[in-house]
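Heads up: numbering here begins at 1 and tracks the sequence. One-based numbering, in listed order, for ligands and for the atoms of each. Predicted model, so just to flag it, every value in this text is computed and none were measured.
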Amino acid sequence: MTVTSPPGQRIELFDLPLDVISLPETLDVLSHWMFATPRTGHTVVTLNPEFIVQSRTSDEFAQAMQAADLVTADGVGIVYAARELCQTQVPRAPGFDIVRGLMARHGPELRVFFLGAKPGVAEQAAQNAHRDFGIQVAGIHHGYFKTDEDQRVAELVRDSGAHLLLTAMGAGRQEVFNQYWRQVLNTPVTIGCGGVIDVLAGTADLAPAWTRKLGVEFIWRVGLDPKRWNRAPRLARFVQMVRAEKKRLKASRP
Ligand code: UDP
């Protein structure tokens, strides 16, 4: 099958795009992009409620997501919002499952650049991914550099010849970096993927399978990790935002 653009529908949630695409379809599209000639850069966003809340106060973040080639639903919060506001059932394609799926599917033919997390963590993630999936490590860089070093890092990625760039530098920073530098990066697939490098390295646990199955891993993340307790109000704020938007849409209908 030749897949050139995401199949299916693209809807809009709070002025941000969202592709109605399943995990297997996402893997098909990204696999095609990664190995197509000539090399063309694409950006992928795995949308979650915190991104939406943050984008309301950051035009830069909102614009980076609006310009992305593919936007998937990372979790159940987005599925809920799409159902409430667009009457659309959107399948989930979480960042971790995408990354693991691509590595499992392509193994040794896949060159991956690991960008992000604290010094040493990306090295461990790369080592584990090579051991588990046989992927080639195209390059490694931690995620704690100032924006005046962005160009140097983007050129490092470009020169690595990676098919896949994992950018895990926190919500907003990673999407803005991917979008702003996409021409320089010239990497077929660049995906902002939050804590995925930590999970691959084993420095953060993946949420238990039952929460992932139900799509409610945020309960585990927010509940069990004290560092994340400050996120609970943002999630509550998201539910409020969805309710208010639903009312507004209802009132504006003839
Ligand atoms: N991170 C980074 N540079 C930064 C901030 C965060 O590389 O300036 C890394 C952090 O070490 C972690 C990942 O980004 O590996 C996700 O961080 P966090 O959970 O704080 O961000 P979120 O995406 O949940 O906002």
Task: Residue pair M103 / L200, side-chain heavy-atom distance below 4.5 Å - done: yes

TODO: Give the ring-plane orientation class for F145 versus F177, where under 30° counts as parallel, over 60° as perpendicular and anything between as tilted.
DONE: perpendicular

Task: Distance-only N or O hit between ligand 1 and G194, under 3.5 Å - done: no

Task: Subset of ligand 1 atoms that lie under 4.0 Å from at least one heavy atom of A171 - done: 22 (P), 23 (O), 25 (O)

Task: Contact check: G116 vs ligand 1, nitrogen or oxygen atoms, below 3.5 angstrom - done: no

Open item on the list: For residues V79 and L23: do they belong to one hydrophobic cluster (side chain heavy atoms under 4.5 Å, members Ile, Leu, Val, Met, Phe, Trp, Tyr)?
Closed with: no

TODO: Under 4.5 Å between side-chain heavy atoms, chaining through other members, with only Ile, Leu, Val, Met, Phe, Trp and Tyr counted: pull out the rest of the cluster around Y144, sorted by chain and number.
DONE: none

TODO: Give a yes/no on ligand 1: does D198 have at least one heavy atom closer than 4.0 angstrom to it?
DONE: yes

Open item on the list: So, using side chain to side chain contact (heavy atoms under 4.5 Å, CB included) as the criterion, who are the partners of Q136 when residues are at least two apart?
Closed with: R111

Open item on the list: Nearest non-hydrogen contact with atom 3 (N) of ligand 1 belongs to which option: G170, G172, G143?
Closed with: G143

Open item on the list: Between ligand 1 and Q174, is the shortest N or O to N or O distance under 3.5 Å?
Closed with: no

